[in-house]
Amino acid sequence: MSREMSLVREAHAKYICRVSAQSDSLEFALSEHLRLSGVYWGACALDLLGQLHTLDREFVVNFVKSCAQPNGGYAGNVGHDAHLLYTLSAIQVLALFDAMDELDEDAVMQYVQSLQNEDGSFKGDEWGEVDTRFSYCAICCSSLLGRLDQINLPRALAYIKQCENFDGGFGCEPGGESHAGQVFTCVGALAIGDSLELCSGETLSWWLCERQTPGGGLNGRPQKDADVCYSWWVLSSLTLLRRASWVDASALRAFILGCQDVDDGGISDKPGDEPDVFHTFFGIAGLSLLGTDGVPPIDAAHALPVSVMERLKRRRERRAAAATDAHTAGAAPTAAGSTAAVEGAGERTGDGVPTVSLKAFLDDDGCGGGGGGDDDEVGVGDVAKRRVAALWDAACKDVGFVKIVDHGVPAEIVRACWRSATDFFDRPIEEKRAVAMSDDYPYGYQGFGSEHLAASLEEEKNGDSAAQTSAVQTGDPKELFNVCIGASGDADAPTPRWPRQSEEMQAAWTEYYRHLSSLSSRLLRVCALALGLPETWFDAYMTRHRSVIRAINYPADEQPSRGQLRASTHTDYGAFTVLRLGGASADGLQLMRRDGSWIDVCLSSGEDCFVINLGDLMARWTNDRWVSTPHRVVNLTTGEERSSRRQSIAFFCNVNMDAKIACIPTCVDAQGGEKYPPITAGEHLLKKHWQTMAGNPCKSST
Ligand code: GRG
């Protein structure tokens, strides 16, 4: 054995093949119970060395299959009990050998789901030990299968957050000592869950880089010896936190290479020790993260070569496309089709806005009832709700807009409100002005141009034309009618001012208001689960809500000027807006992507859906975990063509005005905690109102 400053690739490949075949060796006997993980370490190392073909694929795949258990999980060896650790190894090995079709994905997911506890944590197996290692395994398994929506991800991540320590590190359970191995499991899980903001990146990165010892190697916690395996646990975490450069890379490389057996192959834990497959894999994986010695890149969260991750992605895309084709052709759903259908429930339509079905939440309050209920916790078996919540969270983080179907609002209620709004706008102007907004009544009628969306700055910033700017300055070509009715039984709710002889309208709008209030409560339950909160967490905020219905009329325009906007760029103020589009011209709504470009929100003709967009209050409440996305309404025709009349009805969900809006506990970012000081909902709305008056482009009206 000697120290060598280059990776002895061939010797390592031979070493792995040799020990895999040596069933009479001590190492083989000692690793009997975790054989499947051993296969993963060996196979992944060989893949990184470009030598996977030296293993007998059929033999390995058959071995994996023989470890499958009736409960859907995989055991570490034939005849042993299933465990999450080995279930992940099984998936990883099958992925490495491009043998994912050998997996019963539904059964595996049922097994994974069955191990999640109410608090979001995961048991390793049916015997019940809980550890953040098992959270990682569950999240990684679900991610590799493209089925993250089938576990309660928000709650799983919230549990991981509870295992964070003052030093930024993570332990195996709440209060457990920080250990680099557990840090990897938690950071890896947060990265897969797209929630790295939940850990304190800077503090944790300091703790991680302090793991480097004077000899260049990394240890797992203070005062401990360096060990090659921490090259992976520490460096993968730093890589995910984008601070891999905080370790001395050449010193670490020298340490890893110094642990090689250059004659017989294999890497040991520390210089001079006997090599083993575990350290051989983690040494080579560490070099991959360092980007040295010609080792190809490894995915730092899933611990699989990037090439394998890309193959898995292509496979999912192929299956989704095949399922869409089968669906289009009217074929019966296949196994792949049903998976895609589940994925499709939250998939982006052409416009990038996901569609979510609320069916799972309808039974709680009798489809349009009060939105109450006293079940504080979602049952662990309630997979459908968890799936909706996961989709919702992703959409709110990413887009800020969601389309909802199966919402529980009867079509005739929508139709009646829609019709009476059109009738209202068709009334003589004096009748409309008789119920105008005034200093003592912040609702009622607002005539054309009354909304001076001082959005010119924003429009210019985004490169829109001067024509748009001048249109903005003259006010948006639309009229509005606003009504606030308040929660049922709230004696302090404002008394709506209705136009003369409007009994039918009053009945229709009141019904619509009640249904939309219930729908909003239902949506807040989805929000609660999505944020890892008890399902009824937001209920208390809606007891005296001041939500508002706003009907908006954009009359036909014979010759809209180039760039003339129907509603200029704005974000909404409140918790969220439930928007109904329809009529001759449902089109025109656009939302701004993060890069400043615009995309159209498209609805299929006659689609019974509401478009939800989050407002500024929700973004603030969630510490910017969720986004309040700027949007606008454009004319679809310019110049010669006539632009047809457009109507929309917005329901602005405004929680109790005296509600304290302080960062939601599960949204506290461990770095700096809370971005915004607490404020009441009423103060927030007022502040937004004054900002608008002072020239800020924020304004609620779509
Ligand atoms: C797919 C890479 C991958 C992992 C699956 C099982 C698992 C998920 C992660 C394990 C994370 C972990 C806890 C690693 C630490 C392993 C280790 C060397 C523990 C030794 O701990 P101690 O206390 O040693 O015996 P120290 O080094 O602290 O003295």
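Here the structure is a predicted model, which is why all the values come from computation and not from measurement. Start at 1 with the first residue, then count along the sequence. Start at 1 and go down the list; that is how both ligands and their atoms are numbered. Note that these values count all heavy atoms, side chains included, but never hydrogens, waters or copies made by symmetry.
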Taking the side chain as every heavy atom from C-beta outward, state whether D269 and E274 have any pair of such atoms under 4.5 Å apart. no
Assess whether a salt bridge exists between E197 and R625, defined as any Lys/Arg side-chain N lying under 4.0 Å from an Asp/Glu carboxylate O. no
Numbered atoms and elements of ligand 1 in range of G181, under 4.0 angstrom, heavy atoms: 11 (C), 12 (C), 13 (C), 14 (C), 15 (C)
Is atom 25 (O) of ligand 1 near the protein, in the sense that some protein heavy atom lies at less than 4.0 Å from it? no
Do Q150 and S142 come close enough that some side-chain heavy atom pair is under 4.5 Å? no
Check whether any N or O atom of Y136, backbone or side chain, sits under 3.5 Å from an N or O atom of ligand 1, and answer yes or no. no
min-distance protein heavy atom vs atom 1 (C) of ligand 1 -> Q92 NE2, 3.4 Å
4.5 Å side-chain heavy-atom contact, K385 and V388: no
Whether R57 and D98 form a salt bridge (side-chain N of Lys/Arg under 4.0 Å from carboxylate O of Asp/Glu) is what I want to check. no
With under 30° as parallel and over 60° as perpendicular, where do the rings of W233 and F184 fit, or are they tilted in between? tilted
Using non-hydrogen atoms of the residue, decide whether T185 is closer than 4.0 angstrom to ligand 1. yes
Check if H302 has a non-hydrogen atom at a distance under 4.0 Å from any atom of ligand 1. no
With a cut-off of 4.0 Å, which atoms of ligand 1 are near a heavy atom of C229? 18 (C)
Selection from Q182, R133, H179, R221 by shortest heavy-atom distance to atom 23 (O) of ligand 1: R221
Looking only at atom types and distance, does a side-chain atom of S143 sit under 3.5 Å from a main-chain N or O of I139, one as donor and one as acceptor? no
Can you list the atoms of ligand 1 that are under 4.0 Å from a heavy atom of L85? 6 (C)
Tell me which protein heavy atom sits closest to atom 19 (C) of ligand 1, plus the residue, atom name and distance to 0.1 Å. Y230 OH, 3.9 Å
Just distances here: any N/O of K224 and N/O of ligand 1 closer than 3.5 Å? yes
Carboxylate-amine/guanidinium contact E310 R316, below 4.0 Å: no
Considering only heavy atoms, which of F281, Y86, W233 lies nearest to atom 16 (C) of ligand 1? W233
